[in-house]
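One structure is given below, encoded as structure tokens.
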Amino acid sequence: MDILVRTDASAVATTAADILARYARAHATIGVATGSTPLATYRELIRRHQAGELSFAGCRMFALDEYVGLDYSHPESYHAVIHRELTDQLDIDPANVHVPDAAADNLQQACRDYEAAIEDAGGIDIQLLGIGGNGHIGFNEPGSSFDSLTRLKTLHPATVRDNARFFDSPDDVPVHVLTQGLGTIRRAGHLLLLATGQAKADAIAAALEGPLSASVPASLVQLHRRATIVVDEAAASGLKNVEYYRFVDENRPEWQQ
Ligand code: GLP
């Protein structure tokens, strides 16, 4: 794991955008995430695109997850969020932006089709991830198998409460979702996990320094040969080994810069 500690959320976004820009230049397949954390990174990518510095025309994107039971036109469907917050403001071909089809009549088939679409694209080169307060990634709640593929999941009540802020009432938050599995996420060539704010400190400490455990789905990053974790000071505040992570970052060999 490469753990990068930055002063604040804006510095986290700059570092994440630098990493993603390298993949955009290589016409990569990029896995994108929802939630509030990546929004600053998306704004920075859009800024670079609008400044003429960065093109996504050669890229494909796959979202992590989607709510079951929300029409695509609902502003909080992840289909709508990914288009509004990111892809509609870039030069990527909309046909190359994929979100699990949670409106399908046959959800199991939709999950299989999503896995097949990722495979047809040659796999995901870099997968951007946020982290839930309970350590979930995508919508893989505690107890998710490290081998799981895209499937239907039931949200944890804590996730429903967390996500209620996006809806008029907590009763409006769907409890079922389709999400890439931990096995799907694990196959990506590079994992880029972002976390900002004190509310994520315990989840980050458990994921990076706790045991590898299905109870903390984000601990999957410990199993991956190429995982970059970018956190601000607040999200890093529960890490025991932070002095070492900073030392590694400050003494990066030239070939790695
Ligand atoms: C949702 C998403 C996750 C995201 C999490 C944290 O549950 N499915 O992908 O990481 O929220 O969101 P936030 O970044 O808003 O804290």
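When a residue number appears, it is its place in the shown sequence, counting from 1. Values below: all heavy atoms of this structure, side chains included; hydrogens, waters and symmetry mates excluded. In listed order, ligands and their atoms are each counted from 1.
A side-chain N or O of Ser36 and one of Arg165 form a donor-acceptor pair less than 3.5 Å apart. Side-chain contact annotation: Asp91 with Ser55, donor-acceptor N/O pair under 3.5 Å present. Side-chain contact, His156 with Glu141: no donor N or O sits under 3.5 Å from an acceptor N or O. With no hydrogens or angles considered, a side-chain donor-acceptor pair links Thr150 and Glu115 at under 3.5 Å.
Residue contacts with ligand 1 do not include Ala33, since none of its heavy atoms lies under 4.0 Å from the ligand.
Per-residue contacts place Phe139 under 4.0 angstrom from the following atoms of ligand 1 (heavy atoms of the residue considered): 1 (C), 7 (O), 8 (N). For ligand 1, the atoms lying closer than 4.0 Å to a non-hydrogen atom of Lys200 are 13 (P), 14 (O), 16 (O). Within ligand 1, counting atoms from 1 as listed, the ones closer than 4.0 Å to a heavy atom of Asn163 are 1 (C), 7 (O). Residue-ligand proximity, Thr37 to ligand 1, at heavy-atom distances under 4.0 Å covers atoms 13 (P), 14 (O), 16 (O).
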Applying ring-ring contact (aromatic ring centres under 6.0 Å, His included) to Tyr72 and Tyr67, what does each step give before you reach the verdict? CA-CA 10 Å; Tyr72 280 177; Tyr67 290 114; over 10 Å; no
Test ring-ring contact (aromatic ring centres under 6.0 Å, His included) applied to Phe139 and His176, step by step: CA-CA 10 Å; Phe139 270 136; His176 294 123; over 10 Å; no
Steps toward salt bridge (charged side-chain N to carboxylate O under 4.0 Å, His left out) verdict (Glu44, Arg48): CA-CA 6 Å; Glu44 177 58 14; Arg48 293 182 193 190; 2.8 Å; yes
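Of all the listed residues (Gly35, Gly130, Ala63), Gly130 holds the heavy atom that lies closest to atom 10 (O) of ligand 1. Ranked by closest heavy atom to atom 7 (O) of ligand 1, the top entry among Gln180, His136, Glu66 is His136.
Of the possible polar contacts, one joining the Tyr114 side chain to the His98 backbone as a donor-acceptor pair under 3.5 Å is found.
The protein atom (non-hydrogen) at minimum distance from atom 4 (C) of ligand 1 is Thr34 O, 3.9 Å. Nearest to atom 8 (N) of ligand 1 among the protein's heavy atoms is Asp65 OD2, 2.9 Å. Considering only non-hydrogen protein atoms, atom 6 (C) of ligand 1 sits nearest to Ile131 O, 3.6 Å.
Within the 4.0 Å heavy-atom criterion, the part of Arg165 lying near ligand 1 is the side chain and not the backbone. Contact annotation for Tyr78 and ligand 1: only side-chain heavy atoms (C-beta onward) come within less than 4.0 Å of the ligand.
The distance from the CZ atom of Phe56 to the OG1 atom of Thr87 is 11.0 Å, given to the nearest 0.5 Å.
Taking distance alone, with nitrogen or oxygen atoms compared against 3.5 Å, Gly138 approaches ligand 1 more closely than that limit.
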